[in-house]
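Take a look at the structure below.
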Amino acid sequence: MNERSEDRNDFFEKVWEVVAEIPFGKVTTYGHIAEHIGVKSAARTVGWALSAAAGSNLPAHRVVNRFGALSGKMHFSTPTVMEERLRSEGVAFDQDGCVRLDLHLWIPGEGA
DNA sequence: ATGTTGACATTGA
DNA sequence: TTCAATGCCAACA
């Protein structure tokens with residue numbers, strides 16, 4: 001019943017599910033999440049799902065864009081909580097303030 | 001109801 | 001190489 005409705009909700013649900021699977025001290029990108037979900041081209045919508053998850057228990061701070069930049073830091077309680085939190089997890093940052101994806105990039109399904 | 005924006009990514013010119 | 005346009009899904013005005 002209302003399978004369509006579930007589908008709509010399913011997108012967010014999948015995003016949350018993947019984000020919740022991100023291991024400590026690791027980060028992933030919107031594209032990888034979207035790709036794992038099945039809607040590879042919907043990386044933007046993933047960001048929307050995270051905005052909805054900003055008030056959830058999901059480690060949305062572990063999700064960054066393809067450049068490793070903390071694009072959504074401004075959506076947190078404070079624009080500094082994201083970087084501080086990642087640093088607190090042992091995540092290394094680049095001189096540009098971007099996360100070292102080369103060191104902490106985690107892909108959904110890889111760590112499962 | 002329609003159009004625009006939004007925490008992005010990819011491809012084309 | 002760099003710039004611009006497009007695609008995706010959902011929420012907001």
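Throughout, a chain's letter reflects where its sequence line sits, starting with A, and its residues are numbered from 1. Note: hydrogens, waters and symmetry copies are ignored here, and every other heavy atom, side chains too, is used. These numbers were taken from a predicted model, which means no experiment stands behind them.
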To the nearest angstrom, the CG-C1' distance between A:L101 and B:dA9 comes to 14 Å
A:L70 atom CG is separated from B:dC8 atom P, nearest whole Å, by 12 Å
Problem - Euclidean distance for P, C:dT2 against B:dA7 (whole angstrom) - result: 25 Å
So, with a heavy-atom separation below 4.0 Å from DNA chain C, the residues of residues 50-68 of chain A are none
#### Entry: Contact check, side chains of A:V27 and A:V63, non-hydrogen atoms, under 4.5 Å
no
Winner on side-chain proximity to A:A42, out of B:dG6, B:dA9, C:dC8, is C:dC8
Tell me if the side-chain of A:Y30 makes a donor-acceptor pair with the base of B:dA7, cut-off 3.5 Å, by modelled atom types.
yes
**Prompt:** Under 4.5 Å between any side-chain heavy atoms of A:Y30 and A:L50, yes or no?
**Reply:** yes
message: Using atom P in both nucleotides, what's the gap between C:dA5 and B:dT4 to the nearest angstrom?
response: 15 Å
The correct set of residues in residues 71-91 of chain A placing a heavy atom under 4.0 Å from DNA chain B is A:S71, A:G72, A:H75, A:F76
Stems with DNA chain B, 3 or more Watson-Crick or G-U pairs in a row (under 3.5 Å), are B:2-6 with C:9-13, B:8-13 with C:2-7
Rounded to whole Å, CZ of A:F11 lies from P of C:dC9 at a distance of 7 Å
Check your understanding: Do A:E89 and A:H61 have side-chain N/O donor and acceptor atoms under 3.5 Å apart?
Key -> yes
To the nearest angstrom, the NZ-P distance between A:K40 and C:dC8 comes to 11 Å
**Asked** Under a single-linkage definition using a 4.5 Å side-chain heavy-atom cutoff for Ile, Leu, Val, Met, Phe, Trp and Tyr, are A:L58 and A:W48 assigned to the same hydrophobic cluster?
**Response** no
Value for CZ (A:F11) from CD1 (A:I37), rounded to nearest 0.5 Å, stands at 4.5 Å
